[in-house]
Amino acid sequence: MPEKAVTGRQRISTRIRRIGLVCLAVAVYGGVLWYVGWERIGTALSEVDLRWLAPMVFLEISGLWLRAGKWRYALGPGMGSMNLFFLSKAAGMWTPGRLGELSPLFLPRYRSHKVASWIIVDRGTEAACTMGLGLAGVALLGLVPLRWLIGLTAGFCIWASFGYYMVFIRKLAHKDSVSTHAPTTLMQRLRRLDLLMRTEIRALHGKLPVVIFATLGLTFTDMLAATFLFRGFGYPIEWPLMAAARCAHAIVAALPFAPDASGLPYLTQAALLHREASVPPATLAAALALEMAILYGIFWVSFGLGAGVLLRHGGKAAPAAEPQADR
């Protein structure tokens with residue numbers, strides 16, 4: 001098959017996915033506006049108590065930059081880590097399953113197993129903390145029967161334990177079993193990739209407690225900030241319900257067809273808040289629209305600052321040396 005033909009089909013497929021995402025987003029946002037109405041949303045926005053927005057904005061700005069600092073701590077100096085963080089998260093918003101978070105690997109000077117491994121670890125810890133706190137919220141509220149809660153908790157623990165075992169406990173392949181020459185077969189490439197990736201992830205083991213603790217705290221404060229937002233609209237939603245709603249948001253956002261930009265994760269979150277806290281649709285639409293505007297504003301201003309630094313210093317990060325396997 002000619003390479004140009006394959007590339008052409010890939011480009012067409014990418015365009016189709018982008019058009020599909022735009023159509024889905026237009027349908028979701030347009031449907032909400034049609035159902036709720038501009039006038040009711042505007043009324044809800046005009047009644048918001050701005051005093052509650054100040055602590056929300058403070059927590060969101062602090063959380064964003066502390067997450068960037070977490071990348072700096074994990075990757076170390078000289079990696080352009082904070083700039084790569086903003087690039088990764090920006091692309092993640094617009095891609096199914098947040099696969100766009102791997103976008104720093106498209107920059108040749110940052111394309112290393114170390115960067116790829118850290119992105120996977122960061123994505124895994126973020127998901128685990130969101131799921132863990134979400135399950136805690138579900139348990140405190142009694143949203144599901146006890147047997148379902150036990151099953152969900154057991155499944156979460158099994159998933160987390162299996163991932164930890166596969167990375168940190170299972171023996172690495174002996175370096176002699178992986179060819180020191182360029183791999184020629186698919187199996188050799190996969191074995192070599194497994195060896196290099198798991199070796200890099202194991203190198204993060206000493207930093208993992210700090211990473212997990214920081215991620216857990218930042219996820220908690222994100223949920224707390226959202227409760228401040230709704231208090232500004234006159235609805236004192238407690239943290240457990242917000243934790244459950246954000247967990248539902250994250251689960252839907254992980255689906256291949258429903259990234260954040262599609263609006264479906266926010267719709268799922270709104271449905272749960274409406275059912276459990278009786279928040280009117282107009283208030284939900286106004287609150288989530290205001291939250292998106294604030295969060296995206298904070299993010300894109302920060303992204304612009306980070307991108308400016310990356311352009312001035314781009315390409316100065318030295319490529320990481322390939323790690324050796326344990327004997």
Side-chain angles (χ1 to χ4, degrees), residues 20-45 47-48 52 56 60 93-94 96-98 126-127 129-146 148-149 151-153 155-156 219-220 222-296:
L21 174 60
V22 171
C23 292
L24 178 60
V26 169
V28 171
Y29 296 127
V32 169
L33 289 175
W34 173 81
Y35 177 76
V36 179
W38 278 107
E39 186 174 338
R40 294 170 63 191
I41 295 176
T43 301
L45 284 171
E47 296 174 352
V48 65
W52 285 103
M56 174 205 170
E60 293 294 352
M93 293 178 184
W94 298 90
R98 304 190 70 89
E126 291 278 356
C129 289
T130 302
M131 290 293 295
L133 293 176
L135 284 174
V138 169
L140 291 172
L141 295 171
L143 294 179
V144 297
L146 181 59
W148 280 90
L149 180 61
L152 288 171
T153 305
F156 172 74
T219 305
F220 178 89
D222 284 347
M223 297 169 178
L224 185 62
T227 65
F228 291 156
L229 171 69
F230 278 91
R231 285 180 182 273
F233 283 89
Y235 288 86
I237 294 176
E238 299 297 332
W239 178 88
L241 178 56
M242 186 56 65
R246 286 303 174 93
C247 181
H249 177 122
I251 291 173
V252 175
L255 298 176
F257 57 86
D260 273 349
S262 70
L264 286 179
Y266 294 97
L267 196 61
T268 305
Q269 177 181 331
L272 183 58
L273 294 175
H274 175 67
R275 192 188 76 173
E276 298 299 328
S278 300
V279 184
T283 302
L284 284 168
L288 292 178
L290 181 59
E291 181 183 31
M292 291 172 66
I294 291 173
L295 294 183
Y296 283 4

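You'll find the side chain of Y35 reaches within 4.5 Å of the side chain of P281, heavy atoms only. You'll find the side chain of L284 reaches within 4.5 Å of the side chain of F230, heavy atoms only. For the pair S278/Y235, no side-chain contact is recorded, criterion being any heavy-atom separation below 4.5 Å from C-beta on. Looking only at side-chain heavy atoms (C-beta outward), T227 and E238 stay at 4.5 Å or farther from each other. Between R275 and L272, some side-chain heavy-atom pair lies under the 4.5 Å cut-off. Two residues are said to be in side-chain contact when any heavy atoms from C-beta on lie closer than 4.5 Å; V138 and W148 fail this criterion.
Taking each heavy atom of Q269 and A245 in turn, the nearest pair found is CG-CB, 3.8 Å. The shortest non-hydrogen separation linking A44 to A282 is CB-O, 4.0 Å. Taking both residues in full, the closest heavy atoms of L143 and A244 are given as CD1-CB, 3.9 Å, listed atom of the first, atom of the second, then distance.
Although no hydrogens or angles enter the test, the distance criterion places no donor-acceptor pair under 3.5 Å between the side chain of T283 and the main chain of V279.
Atom OG1 of T268 and atom CZ of R246 lie 12.5 Å apart (nearest 0.5 Å). For the atom pair M242 CE and C247 SG, the distance stands at 13.0 Å (nearest 0.5 Å). Here the straight-line distance linking atom CG of L224 with atom CG of L229 works out to 12.0 Å at 0.5 Å rounding. Rounding to the nearest 0.5 Å gives a distance of 8.5 Å between CD of E60 and CD1 of I294. With values rounded to the nearest 0.5 angstrom, M131 atom CE is found 9.5 Å from T153 atom OG1. One finds the CE atom of M223 at 11.5 Å from the CG atom of L241 (value rounded to the nearest 0.5 Å).
Tested against T130, the residues I251, L135, T219 include a single side-chain contact (heavy atoms from CB on, under 4.5 Å) partner, T219.
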Original post:
When you look at W52 and F233, which way does the ring-ring contact (aromatic ring centres under 6.0 Å, His included) test go after all the steps?
Top reply: CA-CA 9 Å; W52 285 103; F233 283 89; over 10 Å; no
**OP:** Take Y266 and V252 through the side chain to side chain contact (heavy atoms under 4.5 Å, CB included) test and state the conclusion after the steps.
**Re:** CA-CA 9 Å; Y266 294 97; V252 175; over 6 Å; no
